[in-house]
Amino acid sequence: MATQLSWLGHGCWEIATEGGRIVLDPFLDDNPLAAKKADQVEADYILISHGHYDHMADAEKIARRTGATIISCYEICEYFRGRGLEKLQPMNIGGVSQQPFGRVKMTPAWHSSTLPDGSPGGAAAGFLLFLPEGNVYFACDTGLMQEMAWIGRAGLALAVLPIGDLFTMGPDDALEAVRLLHPRKVVPVHLNTWPLIQQDAQAWRDRVQQQTQTEVILLEPGQSIRL
Ligand code: NI
Ligand code: MN
């Protein structure tokens, strides 16, 4: 089975691999543009980049229904342990976890992370997945950072970058991020969910494709790509 990555809207992805089904940053039921409801998602693993509502609102209900393991930073795993969940894989920035679908590395992110109850969520993160068909970098919520240069050294089949601005990188810095990462393909996310993060994805695609070697893939929520 070839790995298939489906964007469900905002920062949320469903990734079907030979070694299991992954959901990243589940935010579905309260997302006006989401392609699915939380009860329509099947998962063996739930990756959570940070504690903000628009990245983990549906994590607990998906974990309870499916029995999926939550993979996140130590503080977020402890938050879910306190709520009675037991299948947890805590990690932290720079660490790698070997999973049946491949290795997961937790990468830094310039962002904040506060949990729904107001407690600190540890460091905000991104994820680098080493999948059989290639490496995929999810920047998740972050500003532009020089660390992207060494993340790119892994060799990236795909990078997923926020371009919505205001809470994350906007289009200009995301173009600079493509220069640092030099992925084969890039998908822009974290845009148009609300008027505050409205962006012209087609204009961004044109700029990136004129100024870099990277192919820009524009997805609608619910659409998929293969590596
Ligand atoms: Ni955030
Ligand atoms: Mn966000």
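As the structure lists them, so they are numbered: ligands from 1, and atoms in each ligand from 1. Numbering of residues begins at 1 and proceeds along the displayed sequence. As a basis for the values below, the full set of heavy atoms in this structure was taken, side chains included, without hydrogen atoms, waters or symmetry mates.
Looking at N135, its side chain does come within 3.5 Å of a backbone N or O of A154 through a donor-acceptor pair. For the pair S72 (side chain) and I48 (backbone), a donor-acceptor distance under 3.5 Å is present. Under the 3.5 Å distance criterion, the side-chain polar atoms of D141 are left unmatched by any main-chain donor or acceptor of T168.
Around the Ni ion (ligand 1), protein N, O or S atoms at less than 2.8 Å comprise H50 NE2, H52 ND1, H111 NE2, D141 OD2. Annotation: protein N, O or S atoms under 2.8 Å of the Mn ion (ligand 2) (waters excluded) comprise D54 OD2, H55 NE2, D141 OD2, H190 NE2.
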Check the pair T17, Y45 against side-chain contact (heavy atoms from CB on, under 4.5 Å), reporting the backbone distance first and the verdict last.
CA-CA 11 Å; T17 74; Y45 306 93; over 6 Å; no
Report the C-alpha distance between L88 and I76 in whole Å, list the side-chain angles of each, state the deciding distance to 0.1 Å, and finish with yes or no for side-chain contact (heavy atoms from CB on, under 4.5 Å).
CA-CA 10 Å; L88 304 163; I76 289 175; over 6 Å; no
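W13 and F138 have perpendicular rings, their planes meeting at more than 60° on a 0 to 90° scale where under 30° would count as parallel. Classified by interplanar angle (parallel below 30°, tilted 30° to 60°, perpendicular above 60°), the ring pair H10/H190 is tilted.
By the 6.0 Å contact criterion, CZ on R184 is open, its count of non-hydrogen atoms from other residues, nucleotides or ligands being 12 or less.
Across L158, T212, V178, V136, a single residue satisfies side chain to side chain contact (heavy atoms under 4.5 Å, CB included) together with P183, and that is V178.
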